[in-house]
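Order of the sequence lines fixes the chain letters, A, B, ..., with proteins taken first and strands second; residue numbering starts at 1 for each chain. Not measured: the values here are computed from a predicted model.
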There are 2 protein chains.
Amino acid sequence: MSLPHAILTALLERPSSGLELTRRFDKSIGYFWSATHQQIYRELGKLEAEGHIRALPSEQPTRGQKKSYEVLPAGRAELARWTAASQDPKPHRDTLLLRLRAAAVVGTEGIEADLRHHLALHRRQLAEYEEIEQRDFPPGKGGPQDRLRHLVLRAGIDLETFWTQWLTHALEEFTELPDRDPA
Amino acid sequence: MSLPHAILTALLERPSSGLELTRRFDKSIGYFWSATHQQIYRELGKLEAEGHIRALPSEQPTRGQKKSYEVLPAGRAELARWTAASQDPKPHRDTLLLRLRAAAVVGTEGIEADLRHHLALHRRQLAEYEEIEQRDFPPGKGGPQDRLRHLVLRAGIDLETFWTQWLTHALEEFTELPDRDPA
DNA sequence: CCAAACATGTAACGGGTTACATGATTAC
DNA sequence: GTAATCATGTAACCCGTTACATGTTTGG
């Protein structure tokens with residue numbers, strides 16, 4: 001139950017239409033909570049029905065017409081409640097690690113190429129994060145809000161750093177593996 | 001579409017009943033692919049219907065009676081096919097990071113306690129992984145299969161190390177934050 | 001006018017989660 | 001014999017995914 005709260009956060013940062021939200025989820029928020037436009041429209045409908053947000057009255061709501069939303073006090077209260085409440089971390093699922101485990105049983109065919117593919121993607125993401133850090137968080141300034149946001153970005157950078165290092169190490173192991181590609 | 005392949009892998013490592021699988025998912029495999037017993041029974045039914053696994057003939061299948069499964073050649077082939085196929089990494093979702101972003105807007109009430117909670121959990125998980133490493137992967141021995149499994153465990157260890165470090169850093173930032181707990 | 005891009009949706013499906021149901025075995 | 005535990009399942013709900021549908025604005 002996090003998507004509505006992700007949307008509330010985004011709308012508090014700036015009132016937006018469904019498609020604008022989708023675009024913002026493709027960038028900053030989507031780095032740790034992705035969503036498609038179908039999910040977002042569905043959720044906007046629910047949030048409006050619950051009285052947590054409302055459409056800006058300026059535009060009339062016909063299909064194909066842009067419709068922007070803003071957060072109502074009830075929505076802000078719900079977000080504050082959710083943010084303050086303790087939550088157990090969800091177990092994480094990782095297909096690549098699962099495939100490695102499977103490969104230990106049925107063979108490593110095809111894995112090495114995919115490790116390289118993942119490595120390239122993580123390297124690119126890391127570069128993107130570091131660019132954002134240099135642009136948005138110059139050293140030695142920024143209020144408490146900036147420090148929180150920087151902390152989140154830092155997690156992204158460190159995570160991508162971990163993956164690039166681990167994948168590099170994994171590829172080294174692979175090239176040393178005696179019986180790969182028994183052609 | 002990974003749960004069936006997780007089950008196939010587990011069953012290839014050792015034929016098991018539904019509840020035994022559930023227990024193994026609570027341990028080793030569940031470290032990167034968790035599943036409840038309901039999911040597992042549902043999936044075992046599908047896999048059997050597709051001819052990928054079969055119930056060991058020894059036991060008759062009444063409710064409440066233990067029923068063990070083994071992988072058929074078709075199941076092994078399917079697992080090999082899935083393992084070799086390239087897959088794009090799924091976007092990851094992290095509630096804690098989302099909450100931090102929300103906290104930048106609606107306040108940090110309650111977050112610090114939860115950071116401590118998460119830190120404790122990640123520290124415990126890290127200790128568990130390191131115990132497993134010392135027990136199962138003594139330095140300087142092991143075949144190719146062991147090296148793959150060690151690689152996977154290594155990812156777990158490094159991930160938990162990252163989280164403990166990041167959470168420690170985050171808590172330091174929090175105690176320096178000027179306007180927290182304005183009592 | 002027509003095509004492309006913009007913008008908002010609907011429908012169907014599958015997997016994950018939670019709550020509950022039921023039969024068999026074991027311990028007291 | 002009955003309570004606890006083991007073991008297998010059913011049912012309902014929500015969320016994420018994919019494919020598709022429909023209307024509007026803009027550019028040529």
[X] has an atom [atom1]; how far is it from atom [atom2] of [N], in whole Å?
X: A:Arg23; N: C:dC6; atom1: CZ; atom2: P; result: 6 Å
X: B:His37; N: C:dG16; atom1: NE2; atom2: P; result: 15 Å
X: B:Leu21; N: D:dT8; atom1: CG; atom2: C1'; result: 13 Å
X: A:Lys66; N: D:dG23; atom1: NZ; atom2: C1'; result: 16 Å
X: B:Met1; N: C:dG15; atom1: CE; atom2: P; result: 7 Å
X: B:Asp88; N: D:dT18; atom1: CG; atom2: P; result: 11 Å
X: A:Ile40; N: C:dT10; atom1: CD1; atom2: C1'; result: 16 Å
X: A:Glu43; N: C:dT10; atom1: CD; atom2: P; result: 14 Å

TODO: May I ask you to list the residues of residues 94-101 of chain B, by number, that have any heavy atom positioned under 4.0 Å from an atom of DNA chain C?
DONE: none

TODO: Between B:Lys90 and B:Gly18, just flag the one whose closest nucleotide in DNA chain D comes earlier from the 5' side.
DONE: B:Gly18

- [ ] Identify, between A:Gln38 and B:Gln38, the residue whose nearest nucleotide on DNA chain D lies closer to the 5' end.
- [x] B:Gln38

Sequence-distant partners of [X], ring-ring contact (aromatic ring centres under 6.0 Å, His included), two or more places apart:
X: B:His52; answer: none
X: B:Trp82; answer: B:His5
X: A:His150; answer: A:Phe137

Which one, [options], comes nearest to the side chain of [X]?
X: B:Arg93; options: C:dA19, D:dT17, C:dT8; answer: D:dT17
X: B:Lys67; options: C:dT8, D:dT18, D:dG9; answer: D:dG9
X: B:Gln39; options: C:dA7, C:dG16, C:dC20; answer: C:dG16
X: B:Leu3; options: C:dT18, C:dG9, C:dG16; answer: C:dG16
X: A:Leu19; options: C:dT18, D:dT8, C:dT8; answer: C:dT8

Open item on the list: Looking at A:Arg149 and A:Glu13, is any side-chain nitrogen of the basic one under 4.0 Å from a carboxylate oxygen of the acidic one?
Closed with: yes

Open item on the list: Does this structure show an ion pair linking B:Arg116 with B:Glu112, if we count only N-O contacts that are shorter than 4.0 Å?
Closed with: yes

Open item on the list: If you go through the side-chain atoms of B:Arg42, does one of them form a donor-acceptor pair with the base of C:dG16 closer than 3.5 Å?
Closed with: yes

TODO: Could you name each residue pair satisfying ring-ring contact (aromatic ring centres under 6.0 Å, His included) that touches residues 102-135 of chain B, not counting sequence neighbours?
DONE: B:Tyr31-B:Tyr129, B:His122-B:Trp163

Open item on the list: Less than 4.0 angstrom between a side-chain N/O of A:Tyr41 and OP1 or OP2 of C:dG9, yes or no?
Closed with: no

TODO: With heavy atoms under 4.0 Å as the rule, sort A:Lys46 into base, sugar-phosphate or nothing.
DONE: sugar-phosphate

- [ ] Give me the residues of residues 24-35 of chain B where at least one heavy atom lies under 4.0 Å from an atom of DNA chain D, by number, or none.
- [x] none

Open item on the list: By the salt bridge (Lys or Arg N to Asp or Glu O under 4.0 Å) test, which pairs, at least two apart or in different chains, include something from residues 72-84 of chain B?
Closed with: B:Glu78-B:Arg81

Open item on the list: Among residues at least two apart in sequence or on other chains, which ones pass side chain to side chain donor-acceptor pair (under 3.5 Å) with B:Arg99?
Closed with: B:Asp114

TODO: Assess the side chains of A:Arg24 and A:Ser16: does a donor N or O sit below 3.5 Å from an acceptor N or O?
DONE: yes

Open item on the list: Run the side-chain contact (heavy atoms from CB on, under 4.5 Å) test against B:Leu72 and tell me which residues pass, sequence neighbours left out.
Closed with: B:Arg54

